[in-house]
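Following: one structure in structure tokens, then a few remarks.
All values reported here derive from a predicted model rather than from experimental measurement.
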Amino acid sequence: MIEIRKMGLGDAAAVANLTEQLGYPANVNKTLQRIKLIANMAANCIFVALANEQVVGWTHAFYTVRIESDPFVEIGGLVVDAAHRNKQIGKKLILQVIDWARETNVQMLKVRCNVIRTESHVFYERAGFNLSKSQKIFEMKILS
């Protein structure tokens with residue numbers, strides 16, 4: 001039985017571990033600070049998936065407003081523990097985000113996915129997403 005609930009501060013260690021599985025360096029203290037910050041932002045949602053009371057997945061999504069398009073919700077991150085994949089856990093996390101998005105009358109859910117994560121592309125297509133475009137992301141470090 002899989003349970004989906006809001007992410008809490010006590011989930012930081014498990015969330016950091018799963019974040020490492022996504023390929024991002026993570027530590028518990030920084031993860032805890034990010035959870036605190038996101039949990040206090042009304043335009044964001046964070047959920048965890050539990051199997052036998054253990055965190056086996058998480059997702060973060062946020063409400064987005066842009067000049068050129070209607071508001072939408074974007075999944076900023078989603079991961080399921082490698083040992084628990086292919087059990088509909090990711091789909092359940094997406095459905096929770098959809099429920100959250102409906103509360104704000106948003107009618108579009110988007111997700112960005114690295115081009116090298118071909119297994120994730122298949123997952124999102126099976127979950128009902130359609131590929132709408134490919135793009136490059138540019139970054140600039142802001143020095144203090």
Side-chain angles (χ1 to χ4, degrees), residues 1-66 69-142:
M1 172 95 176
I2 300 301
E3 175 191 351
I4 307 294
R5 65 162 169 77
K6 287 184 178 180
M7 186 183 295
L9 300 180
D11 299 320
V15 169
N17 181 1
L18 290 167
T19 302
E20 292 270 347
Q21 288 188 33
L22 266 180
Y24 295 98
N27 72 50
V28 177
N29 289 333
K30 282 188 177 183
T31 300
L32 177 61
Q33 293 308 311
R34 291 173 184 152
I35 292 170
K36 284 180 183 178
L37 184 63
I38 293 168
N40 289 315
M41 300 173 84
N44 286 253
C45 66
I46 46 178
F47 299 105
V48 290
L50 303 165
N52 299 318
E53 300 182 29
Q54 298 295 313
V55 174
V56 296
W58 65 258
T59 192
H60 164 227
F62 49 92
Y63 180 81
T64 303
V65 179
R66 301 222 171 116
S69 64
D70 290 336
F72 60 92
V73 168
E74 182 171 338
I75 294 174
L78 187 150
V79 62
V80 174
D81 181 75
H84 290 86
R85 292 184 186 150
N86 300 310
K87 298 178 181 177
Q88 300 293 307
I89 296 169
K91 178 76 171 182
K92 289 179 181 185
L93 287 165
I94 290 170
L95 291 172
Q96 189 69 47
V97 169
I98 290 170
D99 286 346
W100 179 81
R102 283 186 177 129
E103 293 174 13
T104 59
N105 295 318
V106 169
Q107 304 202 349
M108 179 64 69
L109 178 61
K110 297 183 181 187
V111 63
R112 298 170 197 261
C113 192
N114 194 319
V115 296
I116 63 171
R117 291 201 169 116
T118 55
E119 71 286 347
S120 295
H121 303 167
V122 172
F123 164 76
Y124 286 118
E125 287 173 347
R126 285 185 184 156
F129 288 85
N130 297 307
L131 178 63
S132 65
K133 68 178 176 179
S134 296
Q135 63 185 156
K136 295 182 184 219
I137 305 292
F138 296 89
E139 295 180 339
M140 176 189 290
K141 193 160 233 162
I142 300 173

Is atom [atom1] of [X] surrounded by more than 12 heavy atoms (other residues, nucleotides or ligands) closer than 6.0 Å?
{"X": "I137", "atom1": "CD1", "answer": "yes"}
{"X": "E20", "atom1": "CD", "answer": "yes"}
{"X": "Q21", "atom1": "CD", "answer": "yes"}

message: Is any side-chain heavy atom of W58 closer than 4.5 Å to one of I46?
response: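 No; the side chains remain at least 4.5 Å from each other.
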query: Side chains of V111 and L109: does their closest heavy-atom pair fall under 4.5 Å?
result: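 A side-chain contact under 4.5 Å is absent here.
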- request: Go through the steps for I75 and F62 under the test side chain to side chain contact (heavy atoms under 4.5 Å, CB included), then give the verdict.
  value: CA-CA 7 Å; I75 294 174; F62 49 92; over 6 Å; no
Minimum heavy-atom separation for [X] to [Y], with atom names?
{"X": "F72", "Y": "R66", "answer": "CZ-NH1, 3.5 Å"}
{"X": "V48", "Y": "K6", "answer": "CG2-O, 4.2 Å"}
{"X": "G57", "Y": "L18", "answer": "N-CD1, 3.5 Å"}
{"X": "W100", "Y": "A43", "answer": "CH2-O, 3.5 Å"}
{"X": "V79", "Y": "L22", "answer": "CB-CG, 3.6 Å"}
{"X": "I4", "Y": "A49", "answer": "CD1-CB, 3.6 Å"}

Using a 3.5 Å distance criterion without hydrogens, assess whether the side chain of [X] forms a donor-acceptor pair with backbone atoms of [Y].
{"X": "T19", "Y": "A26", "answer": "no"}
{"X": "N114", "Y": "R117", "answer": "no"}
{"X": "K91", "Y": "A127", "answer": "yes"}
{"X": "N27", "Y": "N29", "answer": "yes"}

I need the [X] [atom1] to [Y] [atom2] distance, nearest 0.5 Å.
{"X": "S132", "Y": "M108", "atom1": "OG", "atom2": "CE", "value": "8.0 Å"}
{"X": "E3", "Y": "Q54", "atom1": "CD", "atom2": "CD", "value": "12.0 Å"}
{"X": "C113", "Y": "E119", "atom1": "SG", "atom2": "CD", "value": "7.5 Å"}

- request: Check L78, L93, D99 against F47 for a side chain to side chain contact (heavy atoms under 4.5 Å, CB included) and give me the one that passes.
  value: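 That would be L93.
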task: State yes or no: are the ring centers of H121 and F123 separated by less than 6.0 Å?
output: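 No: the rings miss the under 6.0 Å criterion.
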task: Answer yes when R5 and D11 have at least one side-chain N-carboxylate O distance shorter than 4.0 Å, and no when they do not.
output: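 Here R5 pairs with D11 in a salt bridge, since their nearest N and O are under 4.0 Å apart.
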